[in-house]
Student: 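Questions regarding the structure given below will be posed in turn.
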Amino acid sequence: MLTQNIIGYELSSAGTETISGFNPATQESLPGAFAVATEAEVAQAMQKAQSAWRVYRQVSGQQRGVFLRAIAEAIENQGDTLVQRAIAESGLPEGRILGERGRTCGQLRLFAQLVEEGSWVEATIDRAQPNRTPAPKPDIRKMLVAVGPVVVFTASNFPLAFSTAGGDTASALAAGCPVIVKAHESHPGTNALVADAIRQAAQQTGMPDGVFSTLYGRGFWLGETLVQHPLTRAVAFTGSHRGGRALFDLANQRPEPIPVFAEMGSVNPIFLLPERLKKDADALAAQIAASVNLGAGQFCTNPGLLVCIENADTPHFIRALQTAFAAQPALTMLNPGIHRNYTQHKNAMLGIAEVATEFAASEAQETLNAPPAVASVSAQDFLANPRLQEEIFGPFSLLVKCKNQMEMEQVAAALQGQLTATVMGEAAEILAYPTLLQYLQEKVGRLIFNGVPTGVEVGHAMQHGGPYPATTDSRFTSVGTSAIKRFARPIAFQDCPDNLLPEALRDSNSLKIS
């Protein structure tokens, strides 16, 4: 059976090439073929999105809220069919997929609440002072408006929550932007089910034809074509540094550059202060091992770097880490490419002369399971070798052993931009590390105290982003309600007649927004 591209309300399969799904647990192809999009279909999707934008950007927040809630309901109505396909295409357990489905629908409903309330547009009114001297002051009113069609690249490690109807799509639709989703090659069947739910919801709620499309592709061509299409106004991406940087460069080579909001991963360092480590070494080791190995380590917030001050308690902590890592099962990775990269990069790291292997589970033959590993290195060697900062996407962490507090601060100062950093310490001793805390605030989007970074709360205050190379623009988040601001731009109206103003800026304030 052939699954077609969704272009607005139409189904299309103009080409002859197809892709299919793959089960990483059994390493077998899954049933179904998915039509690879052609250049003409890309053009059709973009043109439909542009036409839809001229209508959709005028749709009220109340109507957009109805649309977003309808998407969530349609996804939930797919029941076990969606759950089982996502499990088959990702190798992730049922509990994880059920959690992702809940998060996906929760995000949609949270953005529905946001646009229904309306104050996210930041309506600002600066009234005229015609009698001001030496020059009259004009009436100026400003708000955020939708930028236009947004291309969304889905993530391999979250087949639902960072995928077809994930946070990028939800926030772009909430902002008033049509969305074109490039389906992930690892999740074509999951994409087809969720995309059909969005199409149904769009039709049922009277949204314009072209407000949503999804296209299948193989390799880099489709992504490059979408980013370079002149009607694309913004791009959202979650994935590797190489992939995100390539899209960012393509977008800036256009005659009219556009923003690429790429979240490209991080080593998410955990700084372990001496008193806390002395008191809770075993519990910390177990907590860290569980976080590192969660989902086979395939989280952008996976703690791939641990930093401590070496003292008499360090050997006990390392033994506790060894025990905790040995207790972790080798879980299935998402696809052969990710498994291959993990194996190669982990072995290369363990092969560096200055790096000591503290624990490495045996390689599982003929499976895509990821054996956990933990290694250690001196702070002096870490500072001398920038390669040791590179993310290893999988269940691996490197312990950096510092001589003293000053060397720990030097490690923090030398870090590249990160999504998160964590400080594990007693309340009193954390106060004795103000320089460390200052360096970390300069390096991260989220600073965590006495907790692990895996697990990103979807809310109003969340910042899931950080300085480059964690993301391409540290001013924005890809999780939480502030994510909507990626797909909006400010516009000001000067001395505009009240009846010509957008409703959010009129004197009557009929929307009742702040």
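Just so we're clear, the structure is a prediction, and the values are computed from it rather than from any experiment. Residue numbers run from 1 in the order of the sequence given.
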Student: Any side-chain heavy atom of E100 within less than 4.5 Å of one from L92?
Tutor: yes
Student: Would you confirm whether N5, through its side chain, and A35, through its main-chain N or O, come within 3.5 Å as a donor-acceptor pair?
Tutor: yes
Student: Measure the shortest side-chain to side-chain distance between L419 and C300 over non-hydrogen atoms and say whether it is less than 4.5 angstrom.
Tutor: yes
Student: Please round to the nearest 0.5 Å and tell me the distance separating atom NZ of K279 and atom CD of E275.
Tutor: 10.0 Å
Student: Is the backbone of Q416 close enough, under 3.5 Å, to the side chain of Q389 for a donor and an acceptor to pair up by distance?
Tutor: yes
Student: Using only atom types and a distance under 3.5 Å, with no angle test, would you say the side chain of S240 pairs donor to acceptor with the backbone of G243?
Tutor: yes
Student: Look up atom CG in L68 and atom OG in S171, then write down how far apart they are to the nearest 0.5 Å.
Tutor: 10.0 Å
Student: What is the minimum heavy-atom distance between Q463 and S474, and which atoms define it?
Tutor: NE2-O, 3.5 Å
Student: For L436 and A412, which heavy atoms make the closest approach, and how far apart are they?
Tutor: CD1-CB, 3.6 Å
Student: Are any of the side-chain heavy atoms of L273 and I309 separated by less than 4.5 Å?
Tutor: no
Student: So S20 and S29, side chain to side chain donor-acceptor pair (under 3.5 Å) or not? Walk me through it.
Tutor: CA-CA 7 Å; S20 59; S29 293; 4.6 Å; no
Student: Taking the side chain as everything from C-beta on, heavy atoms only, tell me whether F237 gets closer than 4.5 Å to V152.
Tutor: no
Student: Judged by atom type as modelled, is there a donor-acceptor pair below 3.5 Å linking the side chain of E457 to the main-chain atoms of G455?
Tutor: no
Student: Quick one: is the NZ or CZ of R96 closer than 6.0 Å to the six-membered ring centre of F158, and within 45° of its axis?
Tutor: yes
Student: Would you say the side-chain atoms of T169 pair up with the backbone N or O of T164, donor to acceptor, closer than 3.5 Å?
Tutor: yes
Student: Identify whether the distance between the nearest side-chain nitrogen and carboxylate oxygen of R109 and E76 falls below 4.0 Å.
Tutor: yes
Student: Could you tell me which non-hydrogen atom of G244 sits nearest to which non-hydrogen atom of A262, and how far apart they are?
Tutor: CA-CB, 4.0 Å
Student: How about CZ on R475, more than 12 heavy atoms from neighbouring residues, nucleotides or ligands closer than 6.0 Å, or not?
Tutor: no
Student: So which heavy atom on Y342 is nearest to which on P372, and how close?
Tutor: OH-CA, 4.1 Å
Student: Does the distance from a Lys or Arg side-chain N to an Asp or Glu carboxylate O, for K403 and E310, drop under 4.0 Å?
Tutor: no
Student: Given side chain to side chain donor-acceptor pair (under 3.5 Å), test E358 with S376 step by step and report yes or no.
Tutor: CA-CA 7 Å; E358 302 296 353; S376 66; 2.5 Å; yes
Student: Please report the shortest heavy-atom distance between A296 and P395, naming the atom on each side.
Tutor: O-CD, 3.0 Å
Student: Quick check: do R446 and T301 have side-chain heavy atoms less than 4.5 Å from each other?
Tutor: yes
Student: Determine, step by step, whether R218 and E17 satisfy the salt bridge (Lys or Arg N to Asp or Glu O under 4.0 Å) criterion, reporting the C-alpha distance in whole Å, the side-chain angles of both residues, the deciding distance to 0.1 Å, and the verdict.
Tutor: CA-CA 9 Å; R218 176 183 283 118; E17 191 177 1; 2.3 Å; yes
Student: Answer yes when R486 and D473 have at least one side-chain N-carboxylate O distance shorter than 4.0 Å, and no when they do not.
Tutor: no
Student: Between I288 and L272, does a side-chain contact (heavy atoms from CB on, under 4.5 Å) hold up when you go through it step by step?
Tutor: CA-CA 11 Å; I288 289 168; L272 300 147; 4.0 Å; yes
Student: Can a salt bridge be assigned to the pair R69 and E73 using a cut-off of 4.0 Å between side-chain N and carboxylate O?
Tutor: no
Student: Hey, is the main chain of A234 close enough, under 3.5 Å, to the side chain of T232 for a donor-acceptor pair?
Tutor: no
Student: Please work out which of the three classes, parallel, tilted or perpendicular, describes the rings of Y216 and F34, given edges at 30° and 60°.
Tutor: tilted
Student: Measuring from S156:OG to L334:CG, what's the distance to the nearest 0.5 Å?
Tutor: 5.5 Å
Student: Could you tell me which non-hydrogen atom of H316 sits nearest to which non-hydrogen atom of D282, and how far apart they are?
Tutor: NE2-OD1, 3.0 Å
Student: Does E429 reach the main-chain N or O of E426 with its side chain, forming a donor-acceptor pair under 3.5 Å?
Tutor: yes
Student: For residues I180 and V150, determine if any side-chain heavy atom of one lies less than 4.5 Å from a side-chain heavy atom of the other.
Tutor: no
Student: Any side-chain heavy atom of T422 sitting closer than 4.5 Å to one from N268?
Tutor: no
Student: Could you walk me through whether K346 and E363 pass salt bridge (Lys or Arg N to Asp or Glu O under 4.0 Å), step by step?
Tutor: CA-CA 11 Å; K346 178 197 69 174; E363 300 283 349; 2.7 Å; yes
Student: To the nearest 0.5 Å, what is the distance between CG on L398 and CD1 on I392?
Tutor: 8.0 Å
Student: Quick one: does N302's side chain have a donor or acceptor within less than 3.5 Å of a partner on G394's backbone?
Tutor: yes
Student: Heavy-atom distance under 4.5 Å between the side chains of I352 and D381, does that happen here?
Tutor: no
Student: Counting distance only, does the side-chain N/O of D80 pair as donor-acceptor with the main-chain N or O of V83 below 3.5 Å?
Tutor: no
Student: In Å, rounded to the nearest 0.5 Å, how long is the span from CG of L399 to OG1 of T314?
Tutor: 7.5 Å
Student: Does S163 form a side chain to side chain donor-acceptor pair (under 3.5 Å) with N191? I'd like the steps, not just the answer.
Tutor: CA-CA 8 Å; S163 192; N191 175 81; 5.6 Å; no
Student: Can you tell me if CZ on F22 sees more than 12 non-hydrogen neighbours from other groups inside 6.0 Å?
Tutor: yes
Student: Counting only heavy atoms not in F220, do more than 12 sit closer than 6.0 Å to its CZ atom?
Tutor: no
Student: If you measure from OG1 on T420 to NE2 on H464, what distance do you get to the nearest 0.5 Å?
Tutor: 9.0 Å
Student: Can you tell me if CD on Q380 sees more than 12 non-hydrogen neighbours from other groups inside 6.0 Å?
Tutor: no
Student: Do H339 and F393 have their ring centres less than 6.0 Å from each other?
Tutor: no
Student: Is the backbone of L30 close enough, under 3.5 Å, to the side chain of N23 for a donor and an acceptor to pair up by distance?
Tutor: no
